[in-house]
There are 2 protein chains.
Amino acid sequence: MVKKVVIADDHPLFRAALKQAIRKISTNAKIMEVSSLGEASDILAGEDNINLLLLDIHMSDSDGFAGLIMYKQAYPLTPIVIVSASEEPEIIRNAIEFGASGFIPKSADLSVIREAINTVFEGQSWWPEVDGLSKLGRNGRIGFSESSKLFSTLTPTQSKVFMAIAEGLLNKQIAFKMDISESTIKTHITAIFKKLNISSRTQAVIFAKDLEKNTKQD
Amino acid sequence: MVKKVVIADDHPLFRAALKQAIRKISTNAKIMEVSSLGEASDILAGEDNINLLLLDIHMSDSDGFAGLIMYKQAYPLTPIVIVSASEEPEIIRNAIEFGASGFIPKSADLSVIREAINTVFEGQSWWPEVDGLSKLGRNGRIGFSESSKLFSTLTPTQSKVFMAIAEGLLNKQIAFKMDISESTIKTHITAIFKKLNISSRTQAVIFAKDLEKNTKQD
DNA sequence: TACTGCATAAGACTATAGTCTGAGGTTACT
DNA sequence: AGTAACCTCAGACTATAGTCTTATGCAGTA
């Protein structure tokens, strides 16, 4: 079966490196490259059954774990592996807690990267060996902002709608994009507002931007 | 005459230091302290004839020169002095270009801070001695993003309205806050949209947040 | 003086947003 | 089988947003 992989990283060189690594594993994989969260959103919205999303956590577009949180909400079944220049246990911990399937430090050599990707392709998780990770304790989330807590109560579909609002789309455009009626979009929006304690899409955008900012810890 | 001074800094200790410095100069000054851009906005909106705004450029709220740009647009007559932990010529240059009346490095000792504040109270500007500043060249702005360029075409009033939108306020609330009719608010908003090439307040919020992000260079 | 930019405003109108009610369907879990 | 959570949708309605037109007043300036 042909693997579908999305690489979201704004460094062309590293994107190429990741691409090489994937090619070694799966020669005929369909690899899509993007350099911003915005583009990544478009791909995820348009493609089904993506086998892997390699997500850099410090893209110029909108750094942070926001992407991970949002995509995991909207596409819980798509495996996401975080790619990062740093290796701090705190970041890895958060990646785990936010539902990532793995973590690849940019310092890792090709063989490690291949091993990680292979592991995730097989449906398992892959984490680097780092001091301080063991004392993790899966109970409760760490460094979770209030916004993140509220956001995490959204259902996958609500999350998608929310992200579309944050891109500045009209209800009509969201409806078209998701191929459901505008009426349903409104239903979702009303539910979203109640969960997030807000009352307008304008405030939703502010909420989204705060979320991006507060989850940034690269 | 009683001086009105606003200190916007999220480090309580440094806020206290600045307060001390001002007290030495003007014992009966009215000093208002805030720790975020949001609070600063409220004060500027509510108070007239402020003699000095001391503005930290890296507040947790929303770092960057966004505050300077916005406030200079909205209140061109209020002298603003930038306070910063760093002393890079680039930052000082930008402070000058964005219309600040002075720059105080946090490393400066009390006597220097007092000198700076005094100078600005007298209506002049005060800049630290830093290498590389002389080759400034007042012609043209440096490191100006496209958003900043567009934003700088807004008139003071339009800028105020824009900031209110970015806070998530309704037209009705903006009208009340600025004490003008909602009809006028709408007129301004239509003008703002044309200047910024956008078509909804939702996009305006996105624009504002990008502005904050792009002007951040602390 | 005439012109320009700016701020103010009302009125009429169209478009979007948002709420509420009620309803049908799926999936998963008890 | 029942229940709970989720996704879907329509219709009716109210509220907000946004455009366009027209108009007044003010300040600066050629």
Side-chain angles (χ1 to χ4, degrees), chain A residues 44-45 48 70 72-78 99 150-208, chain B residues 44-45 48 70 72-77 150-208:
Chain A
L44 290 176
D48 281 335
M70 289 182 169
K72 261 301 155 187
Q73 284 289 331
Y75 314 96
L77 297 180
T78 303
L150 289 176
F151 180 80
S152 67
T153 66
L154 298 187
T155 67
T157 311
Q158 287 167 357
S159 203
K160 267 198 213 180
V161 173
F162 176 81
M163 286 160 59
I165 292 177
E167 286 175 25
L169 300 182
L170 303 178
N171 289 345
K172 199 173 295 185
Q173 296 173 310
I174 301 174
F176 179 80
K177 185 177 176 181
M178 294 178 64
D179 198 30
I180 52 183
S181 83
E182 187 177 344
S183 174
T184 303
I185 299 295
K186 289 184 178 182
T187 305
H188 287 310
I189 288 181
T190 299
I192 292 169
F193 286 178
K194 279 181 182 154
K195 283 188 179 176
L196 303 185
N197 290 323
I198 55 181
S199 57
S200 72
R201 66 203 295 108
T202 308
Q203 292 171 356
V205 176
I206 296 174
F207 191 101
Chain B
L44 290 176
D48 283 334
M70 289 182 168
K72 263 299 158 186
Q73 284 288 333
Y75 315 96
L77 297 180
L150 289 177
F151 180 79
S152 68
T153 66
L154 298 187
T155 66
T157 311
Q158 286 167 356
S159 203
K160 265 198 214 180
V161 173
F162 176 81
M163 286 160 58
I165 292 176
E167 286 176 26
L169 301 182
L170 304 176
N171 290 344
K172 201 175 292 185
Q173 296 172 308
I174 301 174
F176 179 79
K177 186 177 175 182
M178 293 179 64
D179 197 31
I180 52 183
S181 84
E182 188 178 345
S183 173
T184 304
I185 299 294
K186 289 184 177 182
T187 306
H188 286 310
I189 289 181
T190 298
I192 291 169
F193 286 178
K194 280 182 180 154
K195 283 187 178 177
L196 303 185
N197 289 323
I198 55 180
S199 58
S200 73
R201 65 202 298 109
T202 307
Q203 293 171 354
V205 176
I206 296 173
F207 192 100

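Values in this document were obtained by computation on a predicted structure and should not be read as measured data. Each chain gets a letter, A, B and so on, in the order the sequences are listed, and its residues count up from 1.
The nearest whole Å value for the distance from the CG atom in Leu154(B) to the P atom in dA7(C) is 10 Å. Atom CD1 of Ile189(B) and atom C1' of dT19(D) are 12 Å apart (whole Å). Computed from coordinates, the Ile192(A) CD1 to dT8(D) P distance equals 12 Å when rounded to whole Å. In this structure, Ile180(A) atom CD1 and dA10(D) atom P are separated by 11 Å, rounded to whole Å. Rounded to whole Å, the distance from CD1 on Ile185(B) to P on dA9(C) is 9 Å. Following rounding to the nearest Å, His188(A) (NE2) and dA17(C) (P) show an atom-to-atom distance of 16 Å. The separation between Ile174(B) atom CD1 and dA9(C) atom P is 14 Å, rounded to whole Å. Distance Gln203(B) CD to dA17(D) P: 15 Å, rounded to the nearest Å.
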Check: protein-nucleotides 20-26 of chain C nitrogen or oxygen pairs below 3.5 Å:
none

Below 3.5 Å is the cut-off: list the nitrogen or oxygen pairs between protein and nucleotides 13-16 of chain D, distance only.
from    : atom 1 : to        : atom 2 : distance (Å)
dT16(D) : OP2    : Lys172(B) : NZ     : 2.9

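Ala191(A) is linked by a side chain to side chain contact (heavy atoms under 4.5 Å, CB included) to Gln158(A), counting only residues two or more places apart in sequence or in another chain. Partners of Ala166(A) under the side chain to side chain contact (heavy atoms under 4.5 Å, CB included) rule, at least two apart in sequence or in another chain, are Ala208(A). For the side chain to side chain donor-acceptor pair (under 3.5 Å) test, no residue two or more places apart in sequence or in another chain qualifies with Ser200(B).
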Inset, instruction - Quick one: do Lys160(B) and Leu44(B) satisfy side chain to side chain contact (heavy atoms under 4.5 Å, CB included)? Show the steps, please. - result: CA-CA 10 Å; Lys160(B) 265 198 214 180; Leu44(B) 290 176; over 6 Å; no

Legend entry - Derivation of the side chain to side chain contact (heavy atoms under 4.5 Å, CB included) call for Phe176(B) and Glu182(B): CA-CA 8 Å; Phe176(B) 179 79; Glu182(B) 188 178 345; over 6 Å; no

Inset, instruction - Please assess Met70(B) against Phe151(B) for the test side chain to side chain contact (heavy atoms under 4.5 Å, CB included), listing each intermediate value before the final yes or no. - result: CA-CA 9 Å; Met70(B) 289 182 168; Phe151(B) 180 79; 3.9 Å; yes

Inset, instruction - Evaluate the side chain to side chain contact (heavy atoms under 4.5 Å, CB included) criterion for residues Leu196(B) and Gln203(B): first the C-alpha distance (whole Å), next the side-chain angles of each, then the deciding distance (0.1 Å), finally the verdict. - result: CA-CA 10 Å; Leu196(B) 303 185; Gln203(B) 293 171 354; over 6 Å; no

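To the nearest 0.5 Å, the span separating OG1 on Thr202(B) from CG on Leu170(A) amounts to 7.5 Å. One distance of note links CD1 of Ile180(A) with NE2 of His188(A); it measures 4.5 Å at 0.5 Å rounding.
Checking Met178(B) against Phe193(A), the closest nucleotide of DNA chain C that is more toward the 5' end is the one next to Met178(B).
Side-chain proximity of Ser181(B) to dC7(D), dA9(C), dA7(C): nearest is dA9(C).
Among the protein residues, Thr184(A) comes within range of the nucleic acid bases, having at least one heavy atom under 4.0 Å from a base atom.
Taking all atoms of both residues into account, the shortest heavy-atom contact from Ile206(A) to Val205(B) is CG1-CG1, 3.6 Å. Minimum interatomic distance between Ile174(A) and Val161(A) (heavy atoms only, all atoms of both residues): CD1-O, 4.3 Å. Here the closest heavy-atom approach between residue Thr153(B) and residue Lys195(B) is recorded as O-NZ, 2.8 Å.
Stems are defined here as 3 or more consecutive Watson-Crick or G-U wobble pairs with pairing distances under 3.5 Å; those involving DNA chain D are C:1-30 with D:1-30.
Dashed line: the shortest gap from a side-chain N or O of Thr155(A) to OP1 or OP2 of dC6(D) is not under 4.0 Å.
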